[in-house]
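FYI, the numbering just counts along the sequence from 1. Values below: all heavy atoms of this structure, side chains included; hydrogens, waters and symmetry mates excluded. If you're wondering where the values come from, they're calculated on a predicted model, not measured in any experiment.
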Amino acid sequence: QVQLAESGGGLVQAGGSLRLSCAASGRTFTSSAMGWFRQAPGKEREFVAAITWSGGSTMYADSVKGRFTISRDNARNTVDLQMISLKPEDTATYYCAARLGSVPTVASKRYDYWGQGTQVTVSS
């Protein structure tokens with residue numbers, strides 16, 4: 001089992017930066033693909049970024065490509081999402097998710113564990 005806890009959200013002006021972190025507990029973290037998703041009010045949860053268990057491969061939604069960077073530190077059991085050039089449309093609750101023993105995917109239903117989320121608000 002994996003427990004996930006996000007942190008680092010907050011209020012930032014458009015053009016600013018934030019770094020989200022997801023702390024994981026559980027022995028299976030290092031063999032799990034990890035993803036970040038977000039959900040804005042009234043909208044469905046959407047894929048943001050994902051990373052393989054080794055950190056050797058990443059994938060991004062087109063809307064964040066070039067602005068967001070996902071990384072992981074298996075020694076510290078953390079997955080980070082560095083966000084730059086933030087836009088008001090990035091405003092959402094951001095969730096990290098773990099997919100046990102498999103490759104990352106954009107499909108949220110294929111992830112096994114979820115954190116509680118952290119709010120990111122970008123003002124114009």
Side-chain angles (χ1 to χ4, degrees):
Q1 191 167 354
V2 178
Q3 290 82 42
L4 305 172
E6 303 93 338
S7 62
L11 173 64
V12 64
Q13 289 188 332
S17 302
L18 279 176
R19 188 177 184 91
L20 306 184
S21 187
C22 175
S25 61
R27 293 182 300 169
T28 54
F29 172 79
T30 55
S31 61
S32 300
M34 298 296 297
W36 282 96
F37 290 78
R38 67 187 181 186
Q39 188 167 18
K43 295 187 177 181
E44 293 189 355
R45 190 169 297 188
E46 65 173 357
F47 170 76
V48 175
I51 191 167
T52 55
W53 69 270
S54 68
S57 182
T58 57
M59 51 194 301
Y60 297 93
D62 288 343
S63 59
V64 306
K65 203 170 293 184
R67 300 187 298 122
F68 291 11
T69 303
I70 188 171
S71 61
R72 69 187 294 164
D73 184 338
N74 286 344
R76 296 173 54 237
N77 279 12
T78 57
V79 179
D80 290 350
L81 185 69
Q82 177 68 50
M83 308 184 294
I84 67 171
S85 302
L86 283 161
K87 306 174 181 180
E89 51 263 44
D90 294 318
T91 295
T93 300
Y94 283 71
Y95 300 88
C96 72
R99 188 180 190 211
L100 299 179
S102 189
V103 298
T105 174
V106 303
S108 61
K109 63 179 65 177
R110 297 191 182 277
Y111 285 79
D112 303 289
Y113 297 100
W114 292 83
Q116 293 298 307
T118 186
Q119 178 67 38
V120 172
T121 303
V122 184
S123 63
S124 58

Review point. Would a distance-only check, ignoring hydrogens and angles, find a side-chain to backbone donor-acceptor pair under 3.5 Å from Glu6 to Thr118?
Key: no

Point to revise | Arg67 vs Asp90, side chain to side chain contact (heavy atoms under 4.5 Å, CB included): CA-CA, chis, key distance, verdict | key: CA-CA 11 Å; Arg67 300 187 298 122; Asp90 294 318; 2.8 Å; yes

Exercise for review: Give a yes or no on whether Arg76 atom CZ has more than 12 heavy-atom contacts from other residues, nucleotides or ligands under 6.0 Å away.
Suggested key: no

Check your understanding: Is there a path of hydrophobic side-chain contacts, each under 4.5 Å between heavy atoms of I, L, V, M, F, W or Y residues, that connects Trp53 with Met34?
Key -> no

Review point. Under 3.5 Å, is there a donor-acceptor pair between the side chain of Thr58 and the main chain of Ile51?
Key: no

Revision key, fill the gap. Note: Ser85 and Ser17 closest approach over all heavy atoms is N-OG, 4.4 Å

Practice item. Can you see which heavy atom on Ala33 is nearest to which on Pro104, and at what distance? Key: CB-N, 3.4 Å

Point to revise | Criterion side chain to side chain contact (heavy atoms under 4.5 Å, CB included) on Tyr111 and Thr105, from CA distance to verdict | key: CA-CA 8 Å; Tyr111 285 79; Thr105 174; 3.6 Å; yes

**Study point:** Atom pair CG/CZ of Leu4 and Phe29 - distance to nearest 0.5 Å
**Key:** 8.0 Å

Review point. Stepwise, does the side chain to side chain contact (heavy atoms under 4.5 Å, CB included) test hold for Arg45 with Trp114?
Key: CA-CA 12 Å; Arg45 190 169 297 188; Trp114 292 83; 3.2 Å; yes

Review point. Salt-bridged, Lys65 to Asp62, with N to O below 4.0 Å?
Key: yes

**Study point:** N/O donor-acceptor pair under 3.5 Å between Asn74 side chain and Ser54 backbone
**Key:** no

Practice item. Search all heavy atoms of Gly66 against all heavy atoms of Ile84 and return the closest pair with its distance. Key: O-CD1, 4.4 Å

Check your understanding: Between Phe68 and Tyr94, how do the two ring planes meet: parallel, tilted or perpendicular, split at 30° and 60°?
Key -> tilted

Point to revise | Sub-4.5 Å side-chain heavy-atom contact between Val64 and Arg38 | key: yes

Check your understanding: Any chain of hydrophobic side-chain contacts (each under 4.5 Å) joining Leu20 to Val48?
Key -> yes

Point to revise | hydrophobic_cluster_shared for Met59 and Phe37, side chain cutoff 4.5 Å | key: yes

Review point. Any sub-3.5 Å donor-acceptor pair from Ser124's side-chain atoms to Pro88's backbone N or O?
Key: no

Review point. Rounded to the nearest 0.5 Å, how far apart are OH of Tyr60 and CZ of Phe47?
Key: 9.0 Å

Exercise for review: Determine whether Val122 and Trp36 fall in the same hydrophobic cluster, where Ile, Leu, Val, Met, Phe, Trp and Tyr are linked whenever their side-chain heavy atoms lie under 4.5 Å apart.
Suggested key: yes

Exercise for review: Give a yes or no on whether Tyr113 and Val106 share a hydrophobic cluster (residues Ile, Leu, Val, Met, Phe, Trp, Tyr; joining criterion: side-chain heavy atoms under 4.5 Å apart).
Suggested key: no

**Study point:** Distance, nearest 0.5 Å, that separates OG of Ser108 from CD of Glu44
**Key:** 8.5 Å

Review point. At what distance, to the nearest 0.5 angstrom, does OG1 of Thr30 lie from CZ of Arg72?
Key: 7.5 Å

Review point. When you measure from the side chain of Gln82 to the backbone N and O of Arg19, does any donor-acceptor pair fall under 3.5 Å?
Key: no

Review point. If you measure only the distance, is there a donor-acceptor pair under 3.5 Å linking the side chains of Gln39 and Thr93?
Key: no

Study note, to complete from the structure: Rounded to the nearest 0.5 Å, the CG atom of Asp80 sits from the SG atom of Cys22 at a distance of 9.0 Å

Point to revise | Which atom of Asn77 lies closest to which atom of Gly26, heavy atoms considered | key: ND2-O, 4.1 Å

**Study point:** Audit row: Asp112, Val2, side chain to side chain contact (heavy atoms under 4.5 Å, CB included) steps and yes/no
**Key:** CA-CA 9 Å; Asp112 303 289; Val2 178; over 6 Å; no

Point to revise | Separation of Ser31 OG from Arg99 CZ (nearest 0.5 Å) | key: 12.5 Å

Check your understanding: Which pair of heavy atoms, one from Gln119 and one from Ala92, lies closest together, and at what distance?
Key -> NE2-O, 3.4 Å

